[in-house]
2 protein chains.
Amino acid sequence: MRSEEPYKDKKVITIGVVRELTGLSDRQIRYYEERKLIFPVRSAGGSRKYSFSDVERLMVIADKIEDGVQTHEIRRELVQESKRSSKAEVRTMIQGQINAQFGTRRQ
Amino acid sequence: MRSEEPYKDKKVITIGVVRELTGLSDRQIRYYEERKLIFPVRSAGGSRKYSFSDVERLMVIADKIEDGVQTHEIRRELVQESKRSSKAEVRTMIQGQINAQFGTRRQ
DNA sequence: CGTGTAAGGAATTCTGACACG
DNA sequence: CGTGTAAGGAATTCTGACACG
């Protein structure tokens with residue numbers, strides 16, 4: 001699932017670079033993690049590593065915060081979104097299997 | 001030029017992560033820079049930042065070193081390669097402009 | 001609730017050099 | 001030539017806490 005853009009989800013970016021990329025403060029970035037909105041991995045030494053997807057997600061979060069949405073609510077929204085996209089992915093995958101089986105093509 | 005894979009060329013990875021990703025030592029990574037084989041950018045504080053392309057390039061370099069090729073020679077090879085690909089890009093771009101003008105399609 | 005900040009410590013990175021071969 | 005290493009310093013990141021509102 002999701003074979004495109006192999007680099008987008010690799011967690012390799014330190015918080016300092018994320019700060020520059022998003023314009024957010026470290027404090028904000030760490031707080032959104034505390035509120036379960038973002039999930040960096042940790043290096044051996046304990047420093048956080050983010051992916052480009054995480055950076056994009058942080059910008060979405062920052063927009064919502066600015067609109068007055070609370071972290072609690074943002075979490076719900078993001079969970080809903082990820083559910084929707086996994087459904088879409090499953091749909092695509094199943095359709096792909098059907099096509100593979102019967103050689104049909106839509107449209 | 002090169003609109004695909006927007007993340008591949010962004011220099012956001014610190015040397016520690018490059019070390020993990022490539023299996024090379026810092027010493028090796030810095031030495032290849034000294035020999036003009038790789039060109040990280042610097043953060044405000046002076047630390048090196050690499051892109052995923054750089055990581056791939058480093059793995060190519062490491063392979064050649066292992067084959068006994070000297071950095072001097074590797075530099076020549078890499079320069080040749082980049083010349084070839086810019087030519088290919090120009091060709092693609094020109095063809096794209098021709099197609100845009102005349103609406104032709106090959107094949 | 002979301003964010004700034006000062007505090008102290010630990011991990012990360014930097015440079016220039018010596019060593020070996 | 002290519003790489004390891006010890007050295008000293010500077011930049012980066014970490015956590016827990018106090019503050020404000």
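Protein chains get the first letters and strands the later ones, always in sequence-line order, with residue 1 at the start of each. Predicted model only: the values in this text are computed from it and were never measured.
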I'd like to know if the side chain of B:Arg57 and the backbone of B:Ile38 have a donor-acceptor N/O pair within less than 3.5 Å. no
Starting the side chain at C-beta, find the nucleotide from C:dG4, C:dC14, D:dC14 nearest to A:Gln28. C:dG4
Quick check on side chain to side chain contact (heavy atoms under 4.5 Å, CB included): which of B:Lys11, B:Arg48, B:Lys8 does B:Asp54 satisfy it with? B:Lys11
The nucleotide from C:dT13, C:dG2, D:dC14 with an atom nearest the side chain of A:Ser47 is D:dC14
Can you say whether a donor on the side chain of A:Arg27 sits under 3.5 Å from an acceptor on the base of C:dT5, or the other way round? yes
Could you work out which one of D:dG4, D:dG2, C:dG2 sits closest to the side chain of B:Ser25? D:dG4
Tell me which nucleotide, if any, is Watson-Crick or G-U wobble paired with C:dA6 when both distances must be under 3.5 Å. none
To the nearest angstrom, how far is B:Leu58 atom CG from D:dT3 atom P? 11 Å
Here the distance between atom P of C:dT3 and atom CD of A:Glu33, to the nearest Å, is 15 Å
B:Glu20 CD to C:dT13 C1', in whole Å, measures 14 Å
Take atom CD of A:Glu34 and atom P of D:dT15, then tell me their distance rounded to the nearest Å. 11 Å
B:Thr14 side-chain N/O to C:dT13 phosphate OP1/OP2 under 4.0 Å: yes
Taking for B:Ile15 and for A:Asp26 the nucleotide of DNA chain C with the nearest heavy atom, the one nearer the 5' end belongs to A:Asp26
Side-chain donor or acceptor of A:Thr22 paired with backbone N/O of A:Val18 under 3.5 Å: yes
Could you state the CZ-P distance from A:Arg19 to C:dT3, rounded to the nearest angstrom? 15 Å
Quickly work out the B:Arg48 CZ to C:dT12 C1' distance and round it to whole Å. 12 Å
Using a 3.5 Å distance criterion without hydrogens, assess whether the side chain of B:Gln28 forms a donor-acceptor pair with backbone atoms of B:Ser25. yes
Going by purine N1 to pyrimidine N3 plus the second Watson-Crick contact, or the G-U wobble pair, all under 3.5 Å, which nucleotide sits opposite D:dG16? none
Output yes when at least one side-chain N/O atom of B:Tyr31 is less than 4.0 Å from OP1 or OP2 of D:dT3, else no. no
If you go through the side-chain atoms of A:Arg30, does one of them form a donor-acceptor pair with the base of D:dT15 closer than 3.5 Å? no
In whole angstroms, the gap separating C1' of D:dT13 from NZ of A:Lys49 amounts to 10 Å
Run the numbers on B:Glu33 and B:Arg42 for salt bridge (Lys or Arg N to Asp or Glu O under 4.0 Å), then give the verdict. CA-CA 12 Å; B:Glu33 177 183 357; B:Arg42 295 296 183 121; 3.7 Å; yes
I'd like to know whether the aromatic ring centres of A:Tyr7 and B:Tyr7 sit less than 6.0 Å apart in this structure. no
So which nucleotide from D:dG2, C:dG2, C:dT13 ends up closest to the side chain of B:Gln70? D:dG2
Using a cut-off of strictly less than 4.0 Å, decide whether B:Arg35 has a side-chain nitrogen or oxygen near OP1 or OP2 of D:dG2. yes
B:Tyr32 vs D:dG2: side-chain N/O to OP1/OP2 distance below 4.0 Å: no
Could you tell me how far apart B:Arg42 (CZ) and C:dT13 (P) are, to the nearest whole angstrom? 12 Å
Closer to the 5' end of DNA chain D via nearest nucleotide, is it B:Ser43 or B:His72? B:His72
